[in-house]
Amino acid sequence: MSEKDPFKVEQDGHIAWLTLNRPDNRNIMGFAFFEELTKHFERFDEDSSVRGVVIKAEGKSFTAGLDLVEFGSLLRGGTGADVREELRKTILKYQEGMNAIERCRKPVLAAVHSHCIGGGVDLLCACDIRIAAKDAVFSIRETRMGMIADLGTLQRLPHIIGHGWFRELALTGRDFTAQEALQMGFITRICEDQRGLYEEAKGIASQIAACPPLAVQGAKDVIFYSRDQGVYAGLHYAAQKNAAALPSEDLMEAMNAFMEKRTPVFKGK
């Protein structure tokens with residue numbers, strides 16, 4: 001981890017814990033955040049010892065969203081064409097940080113407490129599973145700030161919660177609670193406090209890590225392919241994936257362990 005890295009990384013068995021680690025400024029997202037986010041998820045994707053990732057945060061807030069001071073520095077040069085092009089390139093670079101989460105073959109779980117604002121919602125939308133403490137508060141705050149959310153919320157959230165809830169939240173920019181997030185399907189579980197939140201996250205991630213890695217990663221791949229290409233293309237893709245992958249050593253291990261009434265040991269082969 002470099003000195004400028006706003007994250008802390010720990011690994012417990014096959015689970016990598018990525019912690020937002022700028023508690024003094026509520027884990028706001030600056031230039032270094034997006035640069036290091038991409039690097040971490042590229043490493044998680046390549047590391048065969050990692051079978052799942054949990055994102056959590058230190059401090060009073062999960063994240064207060066984009067670092068408006070750094071972002072504002074991009075606008076001080078005026079409104080000319082060069083400034084606008086530089087801003088467009090910066091936004092695309094920021095988007096890659098979020099895209100790296102979704103592209104990571106390993107399932108990613110977010111464990112959220114307190115405020116998760118603006119860019120924090122973009123980050124959650126790129127994750128596979130989201131759970132929260134009961135004190136969590138979310139907002140697509142860009143609408144209230146005179147901006148258009150541009151890091152993935154407008155593209156991903158409708159697929160998670162449907163257009164009804166999504167449009168209300170995106171167009172009002174209002175805060176919504178953990179209970180509302182559970183009701184609409186944005187999160188899947190509410191925990192009493194942070195301790196319970198991280199225990200729950202570890203339990204879910206451990207269940208994922210106990211499954212054959214190739215099957216889990218293949219399922220994630222097919223899920224996103226089907227979302228983007230449609231049902232029938234997704235079905236054909238799933239058939240192709242299984243035809244190419246089976247039989248695997250992990251499948252044979254699962255069958256042998258079942259017959260021998262023992263816990264399987266998967267190797268990702």
Atom NZ of residue position K56 - does it have more than 12 heavy atoms of other residues, nucleotides or ligands inside 6.0 Å? yes
Measure the spacing between NZ of K202 and CD of E199 and express it to the nearest 0.5 Å. 9.0 Å
Members other than F266 in its cluster, when Ile, Leu, Val, Met, Phe, Trp, Tyr link by side-chain heavy atoms under 4.5 Å? none
Considering residues, nucleotides and ligands other than H236, do more than 12 of their heavy atoms fall under 6.0 Å from its NE2? no
What is the minimum heavy-atom distance between K220 and D128, and which atoms define it? NZ-OD2, 2.9 Å
Please name the pair of heavy atoms, one in S139 and one in F176, separated by the smallest distance, quoted to 0.1 Å. N-CE2, 4.0 Å
Hey, mind stepping through V53 and H40 against side-chain contact (heavy atoms from CB on, under 4.5 Å) and telling me if it holds? CA-CA 11 Å; V53 181; H40 284 304; over 6 Å; no
Audit row: I160, L124, side-chain contact (heavy atoms from CB on, under 4.5 Å) steps and yes/no: CA-CA 11 Å; I160 299 170; L124 297 191; over 6 Å; no
In this structure, would L37 and M29 fall into the same cluster of hydrophobic residues linked by side-chain contacts under 4.5 Å? yes
Between I55 and L20, is a side-chain contact (heavy atoms from CB on, under 4.5 Å) present by the stated rule, with each step listed? CA-CA 8 Å; I55 302 177; L20 281 63; 3.5 Å; yes
Would you call the rings of F186 and F138 parallel, tilted or perpendicular, taking 30° and 60° as the class edges? perpendicular
Residues two or more places apart in sequence or in another chain: which of them pass side chain to side chain contact (heavy atoms under 4.5 Å, CB included) with E96? N99, R103
Which pair of heavy atoms, one from A233 and one from Y225, lies closest together, and at what distance? O-CE2, 3.6 Å
Show your working on side-chain contact (heavy atoms from CB on, under 4.5 Å) between Y94 and M98 and close with a plain yes or no. CA-CA 7 Å; Y94 281 11; M98 302 304 184; over 6 Å; no
Could you see if F7 belongs to whatever hydrophobic cluster contains L66? Use Ile, Leu, Val, Met, Phe, Trp, Tyr and a side-chain cutoff under 4.5 Å. yes
At their closest point, which heavy atom of L182 faces which heavy atom of I190, and how far apart are they? CD2-CD1, 3.8 Å
Ignoring hydrogens and geometry, is there a side-chain-to-backbone donor-acceptor pair from H14 to S49 under 3.5 Å? yes
Spatial distance of atom OG (S206) from atom CG (D12) [nearest 0.5 Å]: 7.0 Å
Answer yes or no: are there more than 12 heavy-atom neighbours, outside K241 itself, under 6.0 Å from its atom NZ? yes
Identify all side-chain donor-acceptor contacts of residues 147-154 below 3.5 Å with residues at least two apart in sequence or on another chain.
residue : atom : partner : partner atom : Å
T153    : OG1  : D122    : N            : 3.2
T153    : OG1  : D122    : OD1          : 2.7

Run the side chain to side chain contact (heavy atoms under 4.5 Å, CB included) test against Q217 and tell me which residues pass, sequence neighbours left out. R105, K106, P213
Taking NZ, NE, NH1 and NH2 as the nitrogens, is one of them in E36 or K39 under 4.0 Å from a carboxylate oxygen of the other? yes
Do any N or O atoms from the side chain of R144 and from the backbone of G173 form a donor-acceptor pair under 3.5 angstrom? yes
So do the side chains of H159 and D228 get within less than 4.5 Å of each other, counting heavy atoms only? no
Return all side-chain donor-acceptor pairs below 3.5 angstrom for residues 110-121, not counting sequence neighbours, or 'none' if the list is empty.
residue : atom : partner : partner atom : Å
H113    : NE2  : G59     : O            : 2.8
S114    : OG   : K60     : O            : 2.8

To the nearest 0.5 Å, how far apart are OG1 in T63 and CG in N27? 6.0 Å
Given side chains that start at C-beta, do those of M184 and E168 come closer than 4.5 Å, heavy atoms only? no
Look up atom OG1 in T90 and atom CD in Q95, then write down how far apart they are to the nearest 0.5 Å. 11.0 Å
Single-linkage hydrophobic cluster, 4.5 Å side-chain cutoff, I101 and V222 together: no
Would you kindly say whether T19 and N21 are connected by a side-chain donor-acceptor distance under 3.5 Å? no
Just wondering, do R88 and I91 contact through their side chains at under 4.5 Å, heavy atoms? no
Measure across E70 and F31 and return the closest heavy-atom pair with its distance rounded to 0.1 Å. OE1-N, 2.6 Å
Output the distance between atom CZ (F62) and atom CG (D135), rounded to the nearest 0.5 Å. 12.5 Å
Besides Y198, the hydrophobic cluster formed by Ile, Leu, Val, Met, Phe, Trp and Tyr side chains linked at under 4.5 Å, directly or via other members, contains I15, W17, V54, L109, I129, I131, L197, I204, I208, V216
Nearest 0.5 Å please: distance from the CZ atom of R167 over to the CD1 atom of I161. 11.5 Å
Taking a hydrophobic cluster as the set of Ile, Leu, Val, Met, Phe, Trp and Tyr residues connected by side-chain heavy atoms closer than 4.5 Å, whether directly or through intermediates, do L87 and F34 fall within one such cluster? yes
Taking all non-hydrogen atoms of both residues into account, name the closest pair between R130 and C127 and its distance. NH1-O, 2.9 Å
Cluster link L123 to F224, ILVMFWY, side chain under 4.5 Å: no
